[in-house]
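Before any comments, here is the structure.
Sequence lines set the chain letters: A, B, ... in the order given, protein chains first and strands last, and positions in each chain run from 1. None of the values given here were measured: they were computed from a predicted structure.
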Protein chains: 2
Amino acid sequence: MSDSPPSLDPVQLGAYFDLIEVTSLLRHAVERQLRETGDLSYVQFQLLARLGDSPTGSHRMTDLADGVVYSRSGLTYQVDLLQKEGLVVRAPSPDDERSITVTLTDAGRALLAKVLPGHVEVVSRLLFEPLSRNDVKALAGLLAPVRDHMRSMPSRSAAPRRRKAGA
Amino acid sequence: MSDSPPSLDPVQLGAYFDLIEVTSLLRHAVERQLRETGDLSYVQFQLLARLGDSPTGSHRMTDLADGVVYSRSGLTYQVDLLQKEGLVVRAPSPDDERSITVTLTDAGRALLAKVLPGHVEVVSRLLFEPLSRNDVKALAGLLAPVRDHMRSMPSRSAAPRRRKAGA
DNA sequence: GCCGCATTCTTCGAATTCGAAGCAGTAGAC
DNA sequence: GTCTACTGCTTCGAATTCGAAGAATGCGGC
């Protein structure tokens with residue numbers, strides 16, 4: 001009951017607000033650049049980037065969705081779009097017939113290469129310009145544990161599917 | 001023109017990715033809590049919170065939109081919803097007939113008070129649990145300049161910004 | 001005072017987003 | 001082998017989001 005303070009202290013509040021505000025602004029700016037340069041949304045870019053980072057150039061649908069924190073159905077929609085543009089290919093997984101493996105095509109890799117410089121430029125200018133090398137190191141050092149912590153938290157509504165008329 | 005490096009160094013990349021990932025996860029968790037506790041979306045909560053923070057309990061539409069980094073039309077839609085629920089009221093601005101002043105109602109303030117503890121709880125648990133007091137201080141110290149920097153950047157093909165410090 | 005242009009908010013259409021429900025494949029118990 | 005629960009993906013409907021265009025007001029120059 002009284003475990004959690006009724007409010008955050010001012011420093012926490014500031015950090016929280018700034019975090020939300022900074023990423024909102026950054027996302028906005030990045031989105032515009034991606035739209036102009038390669039007609040991509042941010043999610044689409046994230047997907048291509050993740051695939052590009054993979055040694056095999058592919059990932060399962062579920063892993064992609066979890067990776068970019070997106071709904072399954074939303075991912076289906078986005079991968080549909082990317083496939084229509086010829087940027088990725090879908091193929092059934094060899095070891096598990098249920099899984100779909102999404103793979104980056106050459107066109108996808110090319111588009112990624114085309115948008116990347118501008119993307120880097122925006123992020124550098126907006127996010128990193130006011131930060132020294134040590135600042136960035138400190139920031140990374142602070143955020144990594146938070147990310148791990150969040151990823152390790154139970155999903156809080158991991159309610160297993162309900163049986164109808166159970167009980 | 002080719003001054004910008006072709007890529008970010010690994011530390012920068014890590015900080016950038018973690019930033020995006022952390023806020024995505026946090027937003028997701030917060031959104032669920034708000035939906036369950038008060039049937040509010042994150043944007044709606046942000047709007048109520050901003051109004052609640054204001055000494056007068058009100059803001060102009062434009063300032064709200066800029067504050068939460070949202071499109072004008074999107075804000076119109078959201079304020080419509082909030083007004084239908086009786087959480088805010090719209091009134092023409094006294095000094096500028098073009099402006100609409102949005103004001104928090106008692107019901108809005110009550111709902112805000114109702115959801116706030118749970119909100120604080122989620123943020124504390126997810127974001128601040130792995131951080132020491134000094135960590136939080138450091139994080140706030142790093143993000144504030146970035147926020148200021150981003151806010152001061154020209155919007156890159158948007159309307160000429162109108163900076164107003166006073167109020 | 002009057003005109004041209006900027007600012008504010010809304011309406012509109014199109015695209016995206018999510019959750020719930022459904023289908024198919026897999027794994028473990030017996 | 002067969003049954004039951006679970007996982008992975010898609011379809012579907014409803015709600016949200018944005019940008020462009022439109023209507024109304026304010027501002028500056030003349």
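Taking the C1' atoms of five terminal pairs at each end of the helix from C:dG1-D:dC30 to C:dC30-D:dG1, the two resulting helix axes are inclined by 30°, rounded to 10°.
Ion pairing between B:R60 and B:D95 fails under the 4.0 Å rule for side-chain N and carboxylate O. Under the 4.0 Å criterion applied to side-chain N and carboxylate O atoms, B:R50 and B:D63 are not assigned as salt-bridge partners. Salt bridge status for B:E31 with B:R35: absent, with no side-chain N to carboxylate O gap under 4.0 Å.
Atom CE of B:M61 and atom C1' of C:dT11 are 13 Å apart (whole Å). Computed from coordinates, the B:Q46 CD to D:dT16 P distance equals 16 Å when rounded to whole Å. As rounded to whole Å, 13 Å separates atom P of C:dC9 from atom NE2 of B:H59. Separating the CZ atom of B:R35 from the P atom of C:dC18 is a distance of 13 Å, rounded to the nearest angstrom. Atom-to-atom, CG of A:D39 to P of C:dA15 comes out at 12 Å; the value is rounded to the nearest Å. In this structure, the CG atom of A:D95 is 13 Å from the C1' atom of C:dG25, given to the nearest Å. Residue B:K84 contributes atom NZ, which lies 13 Å from atom C1' of D:dT16 at whole-angstrom precision. Taking atom CG of residue A:L82 and atom P of nucleotide C:dA15, one finds them 16 Å apart after rounding to whole Å.
Criterion: ILVMFWY side-chain heavy atoms under 4.5 Å apart, direct or through other members. Under it, B:V122 and A:V69 are part of a common hydrophobic cluster. Clustering ILVMFWY residues whenever any of their side-chain heavy atoms sit less than 4.5 angstrom apart, transitively, puts A:L139 in the very cluster that holds B:V11.
Ring centroids of A:H149 and B:F128 are separated by 6.0 Å or more, keeping the two rings apart. Not less than 6.0 angstrom separates the ring centroid of B:Y42 from the ring centroid of B:H28.
Taking side-chain N and O atoms only, B:Y77 has no distance below 4.0 Å to OP1 or OP2 of D:dT17. Between D:dT16 and B:Q44, no contact under 4.0 Å exists linking OP1 or OP2 to a side-chain N or O. For the OP1/OP2 pair of D:dG8 and a distance below 4.0 Å, the side-chain nitrogens and oxygens of A:R60 include at least one atom meeting the criterion. Of the side-chain N and O atoms in B:R90, one or more sit less than 4.0 angstrom from OP1 or OP2 of C:dT10.
Closest to the B:S73 side chain, of the nucleotides C:dT8, D:dC18, C:dG19, is D:dC18. With D:dT16, D:dC18, C:dT8 as the candidates, the nucleotide lying closest to the side chain of B:S99 is C:dT8. Distance from the side chain of B:Q78 is smallest for D:dT17 among the nucleotides C:dT11, D:dT17, C:dC18. Counting only heavy atoms from C-beta on, B:E97 has its side chain closest to D:dG26 among D:dT11, C:dC9, D:dG26. Picking from D:dG26, C:dT10, D:dG8 the nucleotide with the shortest atom distance to the side chain of B:D96 gives D:dG26. Taking only side-chain atoms of B:I100, from C-beta outward, the nucleotide of D:dT11, C:dT10, D:dG19 with the closest atom is C:dT10. Each of C:dT16, C:dT8, C:dG19 was ranked by its minimum atom distance to the side chain of A:Y70; first place goes to C:dT16.
Note on A:L64: nothing from the nucleic acid sits closer than 4.0 angstrom, heavy atoms only.
Judged by atom type and distance alone, B:R98 reaches the base of C:dT7 through a side-chain donor-acceptor pair under 3.5 Å.
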### Message
A:S93 vs A:T101, test: side chain to side chain donor-acceptor pair (under 3.5 Å). Steps then yes/no.
### Response
CA-CA 6 Å; A:S93 219; A:T101 302; 3.3 Å; yes
